[in-house]
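These numbers were taken from a predicted model, which means no experiment stands behind them. Numbering of ligands and ligand atoms starts at 1, following listing order.
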Amino acid sequence: MENLNYHNPALIIESANLQPGSTIWRSPSNIAIVKYWGKHGVQMPRNPSISFTLEGAFTMTRVDYKPKETPSNEVELELYFQEERNEAFEARVKKYFASLTEIFPFIKQMSFKIQTANSFPHSAGIASSASAMSALALCLCSIEDELFKSFETDEAFDQKASYVARLGSGSACRSIFPTLSVWGKTSHVEGSSDLYGIGFAEQIHDNFKNFHDDILIVSAEEKSVSSTAGHALMEGNPFAEPRYNQARKNLGTVVEAIKAGDLETFGKICEEEALSLHAMMMNSNYLLMRPNSLKIMELVREYRRETNHPIYFTLDAGPNVHLLYPENIITDVRVFVDEQLAPLCVENYYIADWVGEGPVQQ
Ligand code: PMV
């Protein structure tokens, strides 16, 4: 096991040098092909995962900081979500910041105002923790960089941002990198780690460049099981070990398919992973798909059989269906989605997203 914790007592500012400042990051959501589901210790994955980084679905976060008026050990912050004070989210972020004070001791010296907003409607039922937590992690690393100039390279910055994002939400550590990211130690990917994600953009075949992800909003309701509860359910699941082994093997297969441009193998694993994730939840007595999720998946398979187009589905831990396909079939797919799938969505709503370039500092 790697021994890296980023604890750094030196990141304290001389009181005389404490100045107010601010930073803004836009950070994207991601969609996993091989899924992370099951963790241990401090946000360590039971199996490696790989995801596409999205472009259109992102969180924009501004962090203003200033010296505390009265010194204390408490985390001092106010959080505004879509311009309104949000106490539930504020409590979560306070807890998150409190867990980071050995990594960023300057957190205790400051008072923070956080303003955050998503590009996608709150009611879309899209998990926003990956984009939200990665945006916060990037802001904290930027503040460190501004105050201490401690990062010698962009790689060092990204690695720490990914490590810190992981502590907020496991899958968030993959949102730091453009195109594709792998998280979790695996012999199939050099440099991979359980502690942070790494970029995997360089090794991909042209067939996987400019991939699309249409996110079909089947239900806009809050998730019936949080991912924290979901990961915990894996602990008593009799199929947990076989599932982790399946994911470890699938990671190797999908990585080779992505390098070779093998869309068919990629698609087979992609769908198998989504169904396995839901099978694990069904085994814990949760039904997260809706009837229209199933209808959509069947229609996608039928359309693929009829047209031979490489279009595949995946799901996160909820009812919405992500449609993954390459750019060159978009004209046909748009007709298929608009005519056959959109009517199965809430108010015909879907988000036409695509694979993106990763976070951007504003
Ligand atoms: O990052 P978390 O703890 O919200 O877990 C997310 C897990 C899935 O989205 C279901 C799969 C994944 O790998 O992103």
Side-chain angles (χ1 to χ4, degrees), residues 27-54 57 59 89 92-93 95-96 99 118 124-137 162-177 180-184 186 192 194-198 200 213 215 222-235 237 240 243-244 246-248 250-251 254-255 269-284 286 288-289 293 313-322 324 353 355:
S27 191
S29 186
N30 67 70
I31 179 68
I33 308 308
V34 174
K35 309 285 182 184
Y36 151 61
W37 199 243
K39 62 179 173 182
H40 65 101
V42 186
Q43 301 274 89
M44 304 284 260
R46 291 280 185 196
N47 62 263
S49 55
I50 182 166
S51 56
F52 277 122
T53 304
L54 299 178
T59 298
F89 195 8
R92 181 171 175 195
V93 174
K95 219 168 131 197
Y96 175 49
S99 76
N118 294 337
I126 298 183
S128 59
S129 63
S131 55
M133 291 299 162
S134 55
L136 281 170
S162 180
Y163 179 102
V164 171
R166 180 195 109 234
L167 299 176
S169 170
S171 59
C173 78
R174 298 185 309 238
S175 277
I176 304 295
F177 305 94
L180 269 171
S181 174
V182 172
W183 169 41
T186 164
S192 56
D194 282 351
L195 302 176
Y196 46 81
I198 60 169
F200 193 70
D213 177 8
I215 310 169
E222 287 262 321
K223 289 199 285 185
S224 58
V225 57
S226 71
S227 52
T228 309
H231 291 292
L233 286 170
M234 285 299 277
E235 292 311 300
N237 191 317
R243 160 62 199 152
Y244 301 142
Q246 177 194 41
R248 288 170 195 140
N250 278 349
L251 192 289
V254 104
V255 157
I269 302 284
C270 177
E271 295 190 350
E272 181 182 301
E273 279 289 313
L275 297 177
S276 280
L277 171 71
H278 280 257
M280 288 296 114
M281 269 164 313
M282 286 186 186
N283 205 249
S284 307
Y286 279 97
L288 303 185
M289 291 179 196
S293 320
F313 63 76
T314 187
L315 299 98
D316 268 340
N320 298 329
V321 183
H322 291 245
L324 297 169
D353 209 341
V355 171

> Could you tell me which atoms of ligand 1, counted from 1 in the order shown, lie closer than 4.0 angstrom to a heavy atom of Ala32?
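In order of numbering, the contacting atoms are 12 (C), 13 (O), 14 (O).
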> Short N/O distance, under 3.5 Å, between Tyr36 and ligand 1?
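So ligand 1 has an N or O lying under 3.5 Å from an N or O of Tyr36.
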> Ignoring hydrogens and angles, tell me if any N or O in the side chain of Ser29 forms a donor-acceptor pair with the backbone of Leu54 under 3.5 Å.
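Answer holds: no.
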> Can you sort out which atoms of ligand 1 are near Arg174, meaning under 4.0 Å from one of its heavy atoms?
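The atoms of ligand 1 under 4.0 Å from a heavy atom of Arg174 are 12 (C), 13 (O), 14 (O).
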> If the cut-off is 4.0 Å to any non-hydrogen atom of Ser171, which atoms of ligand 1 fall inside it?
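Those atoms are 1 (O), 2 (P), 6 (C), 14 (O).
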> Would you mind running through ligand 1 and noting each atom that sits below 4.0 Å from a heavy atom of His231?
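Listed by number with element, the hits are 2 (P), 3 (O), 5 (O).
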> Centre of Tyr163's six-membered ring, under 6.0 Å away, within 45 degrees of the axis: is that where NZ or CZ of Arg166 sits?
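Pair Arg166/Tyr163 counts as cation-pi.
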> Considering the heavy atoms of Gly170, write down every atom of ligand 1 situated less than 4.0 Å from one of them.
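This gives 1 (O) as the contact atoms.
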> Under 4.0 Å from a heavy atom of Trp37: which atoms of ligand 1 are those, numbered in the order shown and with their elements?
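Within the 4.0 Å cut-off of Trp37, ligand 1 contributes 7 (C), 10 (C).
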> Scan side-chain atoms only and decide if Arg174 and Ser49 contain a donor-acceptor pair under the 3.5 Å cut-off.
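Short answer, yes.
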> Any idea which part of Ser129 is under 4.0 Å from ligand 1, heavy-atom wise: side chain, backbone, both or neither?
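Within the 4.0 Å criterion, Ser129 contacts ligand 1 through side-chain atoms alone.
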> Strictly distance-based, threshold 3.5 Å: is any side-chain N or O of His278 a donor or acceptor partner for the main-chain N or O of Glu273?
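No: the side chain of His278 does not pair with the backbone of Glu273.
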> Val164 versus Tyr96: any side-chain heavy-atom pair under 4.5 Å?
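Yes, at least one pair of side-chain atoms sits under 4.5 Å.
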> If you count the atoms of ligand 1 from 1 in the order shown, which ones are under 4.0 Å from a heavy atom of Ser169?
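Here the atoms of ligand 1 in question are 1 (O), 2 (P), 4 (O).
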> Examine the proximity of ligand 1 to Lys39 and report which part, side chain or backbone, both or neither, has a heavy atom under 4.0 Å away.
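Neither part.
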> Got a second to check how far Phe52's CZ is from Cys270's SG, nearest 0.5 Å?
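Phe52 atom CZ to Cys270 atom SG measures 8.0 Å (nearest 0.5 Å).
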> Using 30° and 60° as the class boundaries, would you call the ring planes of Tyr36 and Trp183 parallel, tilted or perpendicular?
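Plane angle over 60°, so perpendicular.
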